[in-house]
Amino acid sequence: MRILYLRNFASKVNPDSYNLQEIGFGKALIRKGHDCDIVYYVPKEDESVQVVDQADGHTLRILWMKGLKVLSNSIYRRILRKPFLDQYDLIITTEYNQIMSYMLAKICPEKLVLYHGPYSDNNNLLVRRAYDVVCLPKMKRNMKYNFVKSDLAKQFLADKGFANVHTLGVGLDRDNINMRREPNPVLEEKLECLKDKKVLLYIGVLEERRNILFLLQVFNALKSRLEEDIALLIVGDGKPEDTGRYFEFSRNHQLDSHILHLPKVAQQDLWQIYEASDVMVFPTNYDIFGMVLMESMYFRVPVISSVNGGASTLIKDNFNGIIIEQFDEELWAEASGRLLSDEILHKRLQTEAYNTISAVTWDQIADDMLQAIGFE
């Protein structure tokens, strides 16, 4: 069977710096005897085809494809042509509220599968209302198979009126993160300042949605609580207008000497980041799933998280991680301090987090989807 997998967001991705879900899923599909093409958006005339992996004669490719960008939507006109679609037996489209999902639901519903992640309406109010009025009725009629990444997303689609919604979850592609070569000497030198310290870790974009200012407030409160020497390791970057405010807060509260900021780390070097860290703190306001949660749990770094798609699906509070519903800096500082100081609790969460992630694989997710649609 030939499978087409569309990532419909109109932004270019970098497989070297992020554990891309589509690639992990695609690798599982070719291991099961199918050929798979993944469509990723490119904004300019630099379309190309990239072979990513092969297994027993089956191939995983990335089709870097130019698309028309409308807000966050990409419209791939080439895909909508019948000769292109006829190449494939199954098409996986992402997000019900992407224009491509609606167009494909109109022209090839018999071989279309929805794999949806968002659990909240985050687009412009007028745009999403117009989309739901014009497009949602046909989507609900034509989409026979609806899969989601979290239970929060399942409830979201159910509230929209979708039937037969199944939670698949998300897997973790271990190929890059398990590729432990010799330590990157440049990164190793940068991490040297963290030795003999208790280290809180944050990985992700530095932006308002991720609640970075609150993260710094929690760290400031924690620093005044603990007698131990602690540090905050931040991996990620953002827009200058956002990062400028965050760094200003750090300077004003004398946090600079306790924070190590690394704008970018390659996937193959992430193991060094996790091995240098004691607790992952993830106070995001909203996140569809959060691959960094899975990576942290896999590398046995206990997680303290807000309620979001990944945390609600993966974490059982005080069993394999900690979930805090309120954005109260004292609650977060208390939980962080307790986890840094209580070796028994830390070890238990480490073990249960690893056991949880070890049982979550793209192979199982691919099996669940294919079985549900009758393509075992």
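All residue numbers in this chain count up from 1 along the given sequence. Since we're looking at a predicted model, the values are computed, not measured. All values below come from the heavy atoms of this structure, side chains included, with hydrogens, waters and symmetry mates left out.
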task = State the CH2-NZ distance between Trp362 and Lys27, to the nearest 0.5 angstrom.
result = 12.0 Å
ask   = Can you list every salt bridge (Lys or Arg N to Asp or Glu O under 4.0 Å) pair that touches residues 85-114, not counting sequence neighbours?
value = Lys82-Asp86
task = Spell out, as yes or no, whether a donor-acceptor pair under 3.5 Å connects the side chain of Asn73 to the backbone of Ile99.
result = yes
ask   = Cationic tip of Arg300 within the cone over Tyr354's six-membered ring, i.e. under 6.0 Å and within 45° of the normal?
value = yes
ask   = Is the distance between the ring centroids of Phe162 and His116 under 6.0 Å?
value = no
ask   = side-chain contact (heavy atoms from CB on, under 4.5 Å) with Asp35: which residues, sequence neighbours excluded?
value = Arg2, His58, Thr59
ask   = Heavy-atom distance under 4.5 Å between the side chains of Gln217 and Asn220, does that happen here?
value = no
query = With distance as the sole test, does Asp317 use its side chain to make a donor-acceptor pair with the main-chain N or O of Ile323 at under 3.5 Å?
reply = yes
inquiry  = Could you check whether Tyr76 and Phe84 have their ring centres less than 6.0 Å apart?
reply    = no
inquiry  = Which residues pass the side-chain contact (heavy atoms from CB on, under 4.5 Å) test with Leu126, not counting sequence neighbours?
reply    = Asn124
message = Between the side chains of Arg338 and Glu334, is the shortest nitrogen-to-carboxylate-oxygen separation below 4.0 Å, so that they form an ion pair?
response = yes
query = Can you get from Val360 to Phe319 by hopping between Ile, Leu, Val, Met, Phe, Trp and Tyr side chains that sit under 4.5 Å apart?
reply = no
ask   = Is Lys12 close enough and on-axis enough to Tyr40, meaning under 6.0 Å and within 45°, for cation-pi?
value = no
